[in-house]
Structure formats: C-alpha cells, structure tokens
Visitor: 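To start, I am sharing the structure in question, which I have written as structure tokens.
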Amino acid sequence: MHHPVEPESLDASLTKAAAILRAAKRVAVLTGAGISAESGLATFRGAGGLWEGHRVEEVATPRAFQRDPTLVWRFYNLRRANLATVKPNPGHDALVDIEKRLGDQFTLITQNVDSLHYAAGSKNVLEIHGALRRVRCTRCTRITERGTEALPDLPRCDKCDGLLRPDVVWFEEELPKDVWRPAVEAAYQCHCFLVVGTSAVVFPAAWLIEAAKNGGAKVIEVNLERSAASDRADVVLLGPSGATLPELIKRL
Ligand code: APR
C-alpha cells in the first residue's frame with residue numbers, strides 16, 4: 001500500500017532550518033516582494049498585483065517608457081509616495097539580527113526597490129533591481145538620490161534637462177554589474193542560502209538559488225506558499241516572513 005509522506009510540521013522544519021543556519025559561517029539571503037507585504041506594500045504577482053489593470057510587465061519595460069513615459073512615471077511616483085508611509089516589519093528586523101551575528105560573512109541580496117532593508121538597519125545589502133529612491137538621467141546617465149519627494153509626471157535632469165527615469169531595472173534590461181557580480185559570488189560562496197518572499201520566476205535573480213546549490217549551500221525557503229524555488233529547497237517554511245523569521249532567530 002502507498003503511504004503518502006506526512007508533511008513535516010512547521011515546528012520540525014524550524015528546528016531543522018535553525019540547525020542549518022547555526023552551522024553556516026557564511027550566509028546569503030535573497031528577498032522578494034513578500035518580505036515587504038507585512039509592511040503594507042503589494043506584491044507583484046499575488047492578488048492585487050495589478051496596477052490600474054496593467055500587469056507589471058506592461059509598465060516596467062524600456063518599451064513602455066518609450067511609448068508612454070507619463071504612464072510609467074505615474075506608476076513609479078505612486079510607488080515612491082507609498083514608500084513614505086511604510087516601515088520595516090519584524091521580517092526585515094530578523095535579517096538585521098542575523099547580520100549582527102555574522103558580520104561581513106552575511107550578504108543580503110534583494111529584488112525589492114523599496115530600500116526597507118536599509119531602513120531596518122541591514123548593512124551589506126545588494127539591491128539588484130535598483131531603488132525607487134534614486135533617479136537616473138536618460139541623457140547624461142547621472143544618478144541622484146531623490147528619496148520619496150514628489151516628482152513631476154515627466155521629471156527632468158538638473159544638469160542637462162534630459163528626461164529622468166527611475167533607477168530601477170526593468171524587464172529586458174541587464175542587472176547592474178556592480179551589484180550582480182557580488183550577488184553571484186555571495187550565493188556561490190555561502191553555506192546557507194535563505195530565500196524569502198519571492199515567487200522565484202524572474203531571472204536572472206532566481207538563478208542565484210541555482211548558484212547557491214551549485215556551490216554546495218543548503219537552501220531554506222520562507223514563503224506563504226510553495227514557489228518555483230521550493231523543489232530546490234532543503235527546508236520550506238510556510239508562513240508569513242514577519243512571524244517565521246523571528247521564530248527562526250529565537251531558535252539559533
Ligand atoms: N511572507 C512571505 N512570503 C510572502 C508574503 C509574506 N507575508 N506575502 C507574499 N509572499 C510571497 C508570495 O507567496 C510570492 O511567492 O511573496 C512572493 C511574491 O512574489 P512576486 O510578487 O512575484 O514578487 P518577486 O518575487 O519579488 O518579484 C520579482 O519581479 O516584478 C518584478 O522586478 C520585480 O523584483 C520584482 C521581481
């Protein structure tokens with residue numbers, strides 16, 4: 001007779017994950033929109049993941065910006081304004097805690113453009129998809145910090161009057177090498193790779209999980225539900241990261 005395998009209880013999985021994390025001298029983390037969900041920011045592919053009926057792939061491409069920069073800037077200006085109203089949650093805080101234990105042996109790779117990891121106090125952060133708080137000139141390529149201040153629908157460069165764009169990575173664009181290279185290195189070199197709140201369907205970010213596995217790391221996933229990463233994870237912790245990560249820290 002066929003006996004289906006009982007799924008491990010969350011408690012047993014937490015104990016297993018804590019043992020992996022405790023044994024790891026080098027840890028790398030990959031976060032996605034899910035870690036900021038409990039701060040009140042919508043994820044991209046879940047319920048409410050549409051913006052005025054547009055899929056994110058329709059407003060976050062160079063082609064969309066060429067066709068209708070006002071529409072794209074309206075989307076990004078709303079997201080920037082939204083940032084001023086949100087704070088890091090206990091999930092972000094737990095990652096600060098892990099960094100404090102490991103120092104420079106800890107790397108936090110994030111796909112998020114909300115900079116909430118910095119707001120929480122994380123130091124070694126690689127924002128591989130850029131940051132909403134920065135803008136970049138499409139003409140002279142100068143990058144400037146603009147925080148969450150309100151910008152016009154078609155903001156212009158102070159220096160050359162070129163059209164500004166958000167300093168984020170759009171679909172079909174390459175990731176900035178100065179953050180991507182160290183991200184690959186950190187994934188490949190770590191002993192434990194923690195994947196938090198990402199659907200793991202956007203590449204090349206999701207490929208970092210492969211790099212970690214190839215480098216011999218144990219993979220721990222934290223997500224509300226199973227994702228594209230789950231089959232490659234050694235432990236899957238199902239639940240909200242704002243509760244699960246602090247729970248994991250308690251057991252270290
Ligand atoms: N705790 C843990 N996980 C959560 C929570 C939560 N509270 N809420 C949602 N999630 C999970 C969802 O189950 C989903 O797997 O977070 C994931 C969010 O997935 P996406 O919306 O696809 O976000 P992300 O993986 O970050 O997207 C990657 O795509 O749109 C582009 O460039 C953008 O960086 C983004 C990239």
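When a ligand or atom number is given, it counts from 1 through the structure's own listing order.
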Visitor: Which ligand 1 atoms does Glu225 reach within 4.0 Å, using its non-hydrogen atoms?
Guide: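 This gives 13 (O) as the contact atoms.
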Visitor: Short N/O distance, under 3.5 Å, between Ser227 and ligand 1?
Guide: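 No.
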Visitor: Do Ser230 and Glu221 pair up side chain to side chain, a donor and an acceptor below 3.5 Å, judged on atom types alone?
Guide: yes
Visitor: Within 45° of the axis and under 6.0 Å from the centre of the six-membered ring of Trp73, does NZ or CZ of Arg165 qualify?
Guide: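 No.
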Visitor: Taking both backbone and side-chain atoms of Val222, is any N or O found less than 3.5 Å from an N or O belonging to ligand 1?
Guide: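 No, there is no polar N/O contact under 3.5 Å.
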Visitor: Just by distance, with hydrogens left out, do Gln111 and Thr31 show a side-chain donor and acceptor under 3.5 Å apart?
Guide: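 Judged by distance alone, the side chains do not pair up.
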Visitor: Quick check on contacts: which atoms of ligand 1 are under 4.0 angstrom from a heavy atom of Ala37?
Guide: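 Here the atoms of ligand 1 in question are 8 (N).
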Visitor: Search all heavy atoms of Ile35 against all heavy atoms of Asn89 and return the closest pair with its distance.
Guide: O-ND2, 2.8 Å
Visitor: Indicate whether any N or O donor in one side chain lies under 3.5 Å from an N or O acceptor in the other, for Thr141 and Arg136.
Guide: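 There is no such pair (donor and acceptor under 3.5 Å, judged by atom type) between the side chains of Thr141 and Arg136.
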Visitor: With a 4.0 Å cut-off on heavy atoms, is Phe171 in contact with ligand 1?
Guide: yes
Visitor: Name the option, out of Ser241, Gly197, Ala200, Gly32, that contains the heavy atom nearest to atom 18 (C) of ligand 1.
Guide: Gly197
Visitor: What is the closest protein heavy atom to atom 20 (P) of ligand 1, and at what distance does it sit?
Guide: Ser199 OG, 3.6 Å
Visitor: Do Ser36 and Asp114 have side-chain atoms, one donor and one acceptor, less than 3.5 Å apart?
Guide: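 Note: Ser36 and Asp114 side chains meet the donor-acceptor criterion.
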Visitor: Assign the ring pair Phe65 / Trp170 to parallel, tilted or perpendicular, where the plane angle (0 to 90°) is split at 30° and 60°.
Guide: tilted
Visitor: Out of Leu30, Asn223, Leu224, whose heavy atom is nearest to atom 12 (C) of ligand 1?
Guide: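 Looking at heavy atoms only, the winner is Asn223.
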Visitor: State the atoms of ligand 1, each with its element, that fall below the 4.0 Å cut-off from a heavy-atom position in Ala33.
Guide: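 Result: 23 (O), 24 (P), 26 (O).
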Visitor: Going by distance only, is there an N or O of Phe44 that falls short of 3.5 Å from an N or O of ligand 1?
Guide: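 In this structure, Phe44 places an N or O atom under 3.5 Å from an N or O of ligand 1.
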Visitor: If you count the atoms of ligand 1 from 1 in the order shown, which ones are under 4.0 Å from a heavy atom of His129?
Guide: 32 (O), 34 (O), 35 (C)
